[in-house]
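Have a look at the structure below, then the notes.
This is a predicted model, so every value here is computed, not measured. Just so we're on the same page: letters track the sequence lines, and every chain starts at 1.
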Amino acid sequence: MKKEIKITVCDAPETQNAVIMSFDGELDTAGAAKISESFLQIYNSTRNFCIADMSSVTLFSSAAMGELVRGRQNLIDKGGDLVFSGMSLEIRTKLNLMGASRIFRFYNNIRSALNAYKWEIEKNPEQVQLSFPSYLELVPPVRHLISRIARHKGYGMRDSFRIETIVDEVCNNAVEHGRQTSDSVINLDMKIDPQGVEFNITNQVDSEQLSTLKTVMKAESDSKPGVNEKRGRGLALIKMLSEEFSIDYSESITNVHVKKARRE
Amino acid sequence: MESQIELVYEDMHGKSNAKLIRFIGDLDATNVETVLEKVCNLFNDGFINLVADFKKLRYVNSTGLGILLHFSKSAKEKGGSFKIANVNENVYEIIEIIGATSLLEIYDDLDEAVAALK
């Protein structure tokens, strides 16, 4: 039995400019006519980014595609966009044959589309928090993970490599100069947005190590570390790869703060 | 869970005291001791001219760079050399930032590095 299309438009929660246009039923030629009416609702608002939720669409006609292409163009003219979410594989395959993938972006669900919007348009940072035992053998998988996250968020290969290097050097230092007990932990807090990444990496130290560390750090900041000096190389590398680098000491905690701007 | 690194050795035709070492993987703090031991064994066995092919070496950190500098120094002290070829741009940037490009013998390709052997 034919299911007439039902279209609802609502503001996407916790966003400034996004709306969710939900479709339920068959987007045949008759249903396509309702699309432009729904777009009017968006044009008359301040919002210009539309997530077209197709998870309940059972038929998608070329007439509907035409309306959505027109609607998208109008949103683009307003500085926005239209993306699809939740489309069935069958319909998506059909649309790809029409060349839709050259025009539209597709997301698995509304949440993915919203995350992409918040990242690209509102430039919202995303946060990663890791806590792991202070063992050298755990540093490589941590740095690989951070590097993959950067790549996933659109950072280039070179930048992801630099980020990986920063994490590696800071965490290696944390292991080497931190408290050497089985319960010692490294906490890594990363904020990433389209402009750059910011790390706060914290570990526990005992008072003797702290005193040694402060002496080493002071000597290194007072003079240019020679390339042949082991300790200096890692710090020099972090400084050169980042825009901000500082170490804060408290009684039993060392916090390394690094900020790196995106370069590619 | 140390980083994976593999060293593959090849003899060099006509050069009895030389060895080609292909580095495969990541060179970092978790495996430097292993690599150090292996290369020092080569020195001890009389192979004082070493050519390192970095074509499949994805990553080096400051600790790894430290042992590369050590190999270069040790080889020179023995009257030989430690040459590096096929460094990828990411690894080269790290070497450059640390200021080691003038201390290591780096060649664009393997043929150049081998030809430069005495």
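Within a 6.0 Å sphere centred on NZ of Lys76(B), other residues, nucleotides and ligands contribute more than 12 heavy atoms. The 12-atom threshold is not exceeded at NZ of Lys259(A), counting heavy atoms of other residues, nucleotides or ligands nearer than 6.0 Å. More than 12 heavy atoms of other residues, nucleotides or ligands lie within 6.0 Å of CG in Asn109(A), so this atom counts as buried by the packing criterion. Around atom CD of Glu120(A), more than 12 heavy atoms belonging to other residues, nucleotides or ligands sit under 6.0 Å away. More than 12 heavy atoms of other shown residues, nucleotides or ligands fall within 6.0 angstrom of atom CD in Glu264(A). Around atom CZ of Arg158(A), more than 12 heavy atoms belonging to other residues, nucleotides or ligands sit under 6.0 Å away.
The line from CZ of Arg143(A) to CG of Asp28(B) is 4.5 Å long, rounded to the nearest 0.5 Å. Leu65(B) CG to Leu237(A) CG: the interatomic distance, rounded to the nearest 0.5 Å, is 8.5 Å. A distance of 7.5 Å separates OG of Ser62(B) from CG of Asp168(A), quoted to the nearest 0.5 Å.
Using a 4.5 Å cut-off on side-chain heavy atoms (C-beta onward), Pro140(A) and Asp26(B) make no contact.
Closest heavy-atom contact between Leu136(A) and Ala29(B): CD2-O, 3.6 Å.
Of the options Ile94(B), Ile98(B), Ile97(B), a side-chain contact (heavy atoms from CB on, under 4.5 Å) to Met240(A) is made by Ile97(B) and by none of the others.
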Next on the checklist: Go through it in stages, so that I can follow the logic: the residues are Glu164(A) and Asn90(B), the test is side-chain contact (heavy atoms from CB on, under 4.5 Å), and I'd like the CA-CA distance, side-chain angles, deciding distance and then a yes or no.
Outcome noted: CA-CA 11 Å; Glu164(A) 181 180 351; Asn90(B) 291 329; over 6 Å; no
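Ranked by non-hydrogen atom pairs under 4.5 Å with chain B, the options His144(A), Glu169(A), Met157(A) are led by Glu169(A).
Glu93(B) touches chain A through its side chain: at least one heavy atom from C-beta onward sits under 4.5 Å away, while N, CA, C and O do not.
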